[in-house]
Amino acid sequence: VNAAVRLAKGEDLEKLGDLKDSINQKILFEPVTEKNVIKGIVSYIDSYENLFTNISENLFKQVGKGRQFSIYFRTNEVNKINKSYNDAPEGEIIAIFSSTGLLQIAINKGNASSLLGMSHKDPIRIEFKEE
C-alpha cells in the first residue's frame, strides 16, 4: 500500500527500493528415493482435509515395479492403492492417486488432516518389499 501511495503521488519508481536483476526462487521439496523407499511430504491439504503428497504415480510405479508396499505416516500404515473413495468402507483410511497424478491420503467420508493429526510438510514414507 505504501508503494502504491508513493507512486500515486508521482514519486519515481526507482526511489521505492533497490533494483533487482532476478527474482527469488523457492525450490520445492522433491521426493527422495532409495532402493526400496520413497520419502515424500504432504504438499497440500484441500478443503475436505484430504492430504496430497508430492509423490507421483509415475515415481511410485518406477520405484515399486509392481511390488507389495506399505505407506507410513504418523502411526498409520496403508498397504493398497484404492481406485476410488467408494472402494473402502466409510471411515477407512485410503490411499489413492488423484486426478493430478499425486498420491493422496484420505478417509472415506472423513477429514484426514484432523483425524490423522497430519499437517502440511509432514513426512510420508513408502517401503516396497524386496524383490
Side-chain angles (χ1 to χ4, degrees):
V1 174
N2 184 29
V5 170
R6 290 170 61 187
L7 288 173
K9 289 181 178 179
E11 192 170 327
D12 290 335
L13 184 62
E14 292 79 22
K15 291 184 179 181
L16 295 180
D18 296 329
L19 181 64
K20 291 281 242 175
D21 293 330
S22 63
I23 61 171
N24 295 337
Q25 293 183 332
K26 291 188 174 189
I27 299 172
L28 299 176
F29 181 80
E30 294 292 327
V32 175
T33 61
E34 297 171 7
K35 182 179 177 186
N36 296 313
V37 176
I38 301 173
K39 296 176 189 174
I41 60 167
V42 174
S43 59
Y44 174 74
I45 300 171
D46 70 10
S47 60
Y48 299 104
E49 295 192 30
N50 297 312
L51 307 166
F52 291 80
T53 73
N54 62 343
I55 300 170
S56 71
E57 184 173 10
N58 288 339
L59 180 62
F60 179 86
K61 288 178 177 178
Q62 178 186 352
V63 175
K65 300 174 187 164
R67 297 179 287 168
Q68 292 181 339
F69 62 90
S70 294
I71 302 170
Y72 298 100
F73 46 97
R74 293 266 187 224
T75 59
N76 301 290
E77 180 180 348
V78 174
N79 298 3
K80 86 179 222 187
I81 302 289
N82 293 84
K83 296 276 185 209
S84 72
Y85 293 104
N86 295 330
D87 288 347
E90 190 172 317
E92 185 172 304
I93 300 170
I94 63 169
I96 190 170
F97 284 106
S98 69
S99 59
T100 63
L102 296 174
L103 180 66
Q104 177 184 347
I105 305 297
I107 295 179
N108 188 12
K109 298 191 179 174
N111 302 90
S113 177
S114 295
L115 294 172
L116 300 174
M118 298 286 291
S119 301
H120 181 247
K121 296 186 181 176
D122 278 355
I124 304 287
R125 179 180 176 93
I126 305 173
E127 293 182 10
F128 296 94
K129 305 296 182 214
E130 291 286 335
E131 294 183 281

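- Other residues, nucleotides and ligands contribute more than 12 heavy atoms inside 6.0 Å of the NZ atom of Lys129.
- Between Lys39 atom NZ and Thr53 atom OG1 the span is 15.5 Å, to the nearest 0.5 Å.
- How far CD1 of Ile96 is from CG of Leu102: 12.5 Å, rounded to the nearest 0.5 Å.
- Under a 3.5 Å cut-off, the side chain of Arg67 and the backbone N or O of Gly64 do form a donor-acceptor pair.
- Nearest heavy atom pair, residue Lys15 against residue Glu11, reads CB-OE2, 3.5 Å.
- Not one N or O on the side chain of Asn82 forms a donor-acceptor pair closer than 3.5 Å with the backbone of Ile94.
- No donor-acceptor pair closer than 3.5 Å links the side chain of Asn108 to the backbone N or O of Glu92.
- Using a 4.5 Å cut-off between side-chain heavy atoms of Ile, Leu, Val, Met, Phe, Trp and Tyr, Ile126 falls into a hydrophobic cluster with Ile38, Val42, Ile45, Leu51, Ile55, Leu59, Phe60, Val63, Phe69, Ile71, Phe73, Val78, Ile81, Ile93, Phe97, Leu103, Ile105, Ile107, Leu115, Leu116, Met118, Ile124, Phe128.
- Under the 3.5 Å distance criterion, with hydrogens and angles disregarded, no donor-acceptor pair is assigned to the side chains of Gln68 and Asn79.
- Judged purely by atom type and a 3.5 angstrom limit, Asp12 has no side-chain atom pairing as donor or acceptor with the backbone of Glu14.
- Atom CD of Glu127 is separated from atom CD of Glu77 by 8.5 Å, given to the nearest 0.5 angstrom.
- The line from OG of Ser119 to CZ of Arg74 is 6.0 Å long, rounded to the nearest 0.5 Å.
- A distance of 9.5 Å separates OH of Tyr44 from CG of Asn50, quoted to the nearest 0.5 Å.
- Across all non-hydrogen atoms, the minimal contact from Ala112 to Ala106 is CB-CA, 3.9 Å.
- Nearest heavy-atom pair, Lys121 versus Ile41, reported as atom, atom and distance to 0.1 Å: O-CG2, 3.8 Å.
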